[in-house]
Visitor: 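Quick one: the structure is below, and I'll ask about it shortly.
For the numbers below, each heavy atom of this structure counts, side chains included, while hydrogens, waters and symmetry mates do not.
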Amino acid sequence: MTKEQIDNLNNKTFTSSPGTEGETGIGLGLKLCQEFAIKCGCHLSFTSAFGKGTEFSILLKTDV
């Protein structure tokens, strides 16, 4: 992910960009996952290396 894409994830800004296979998208699915995690009391985190890939994790809240 580019710095702009990472910044857009933290904002409510959507821009069209090509995916790894040339598909187009605006990142809406990722933003929905982030909002869903927040509403469930969870946390979405990621690490990204431009040109190599991005790894996403959702830390689930558990009530023990």
Side-chain angles (χ1 to χ4, degrees):
M1 293 174 67
T2 65
K3 182 176 179 343
E4 180 183 16
Q5 289 170 318
I6 293 169
D7 290 343
N8 287 344
L9 182 59
N10 296 319
N11 301 322
K12 300 220 184 257
T13 305
F14 299 100
T15 56
S16 181
S17 61
T20 54
E21 301 293 324
E23 73 279 7
T24 57
I26 59 170
L28 181 60
L30 182 55
K31 188 64 178 170
L32 288 172
C33 289
Q34 181 185 39
E35 291 295 321
F36 181 73
I38 291 169
K39 294 217 182 280
C40 291
C42 303
H43 179 73
L44 176 76
S45 64
F46 62 94
T47 57
S48 183
F50 182 71
K52 293 187 177 186
T54 305
E55 182 177 300
F56 293 91
S57 299
I58 296 179
L59 178 61
L60 302 173
K61 178 181 173 184
T62 59
D63 295 324
V64 179

Visitor: Do the side chains of Ile58 and Leu30 join up, straight or via other hydrophobic residues, at under 4.5 Å, putting them in one cluster?
Guide: yes
Visitor: Report yes or no: do Leu44 and Phe36 belong to one cluster of Ile/Leu/Val/Met/Phe/Trp/Tyr joined by side chain heavy-atom distances under 4.5 Å?
Guide: no
Visitor: Report, as yes or no, whether the 6.0 Å neighbourhood of atom CD on Glu23 holds more than 12 heavy atoms from other residues, nucleotides or ligands.
Guide: yes
Visitor: Specify the closest pair of heavy atoms between Thr54 and Ser48, including all atoms of both residues, with the distance to one decimal.
Guide: OG1-OG, 2.9 Å
Visitor: Please round to the nearest 0.5 Å and tell me the distance separating atom CZ of Phe56 and atom CD of Gln34.
Guide: 9.5 Å
Visitor: Is any NZ, NE, NH1 or NH2 atom of the basic residue among Lys39 and Glu35 found under 4.0 Å from an Asp or Glu carboxylate oxygen of the other?
Guide: no
Visitor: Do Leu60 and Phe46 sit in one hydrophobic cluster, given that two such residues count as connected whenever their side-chain heavy atoms are within less than 4.5 Å of each other, even indirectly?
Guide: yes
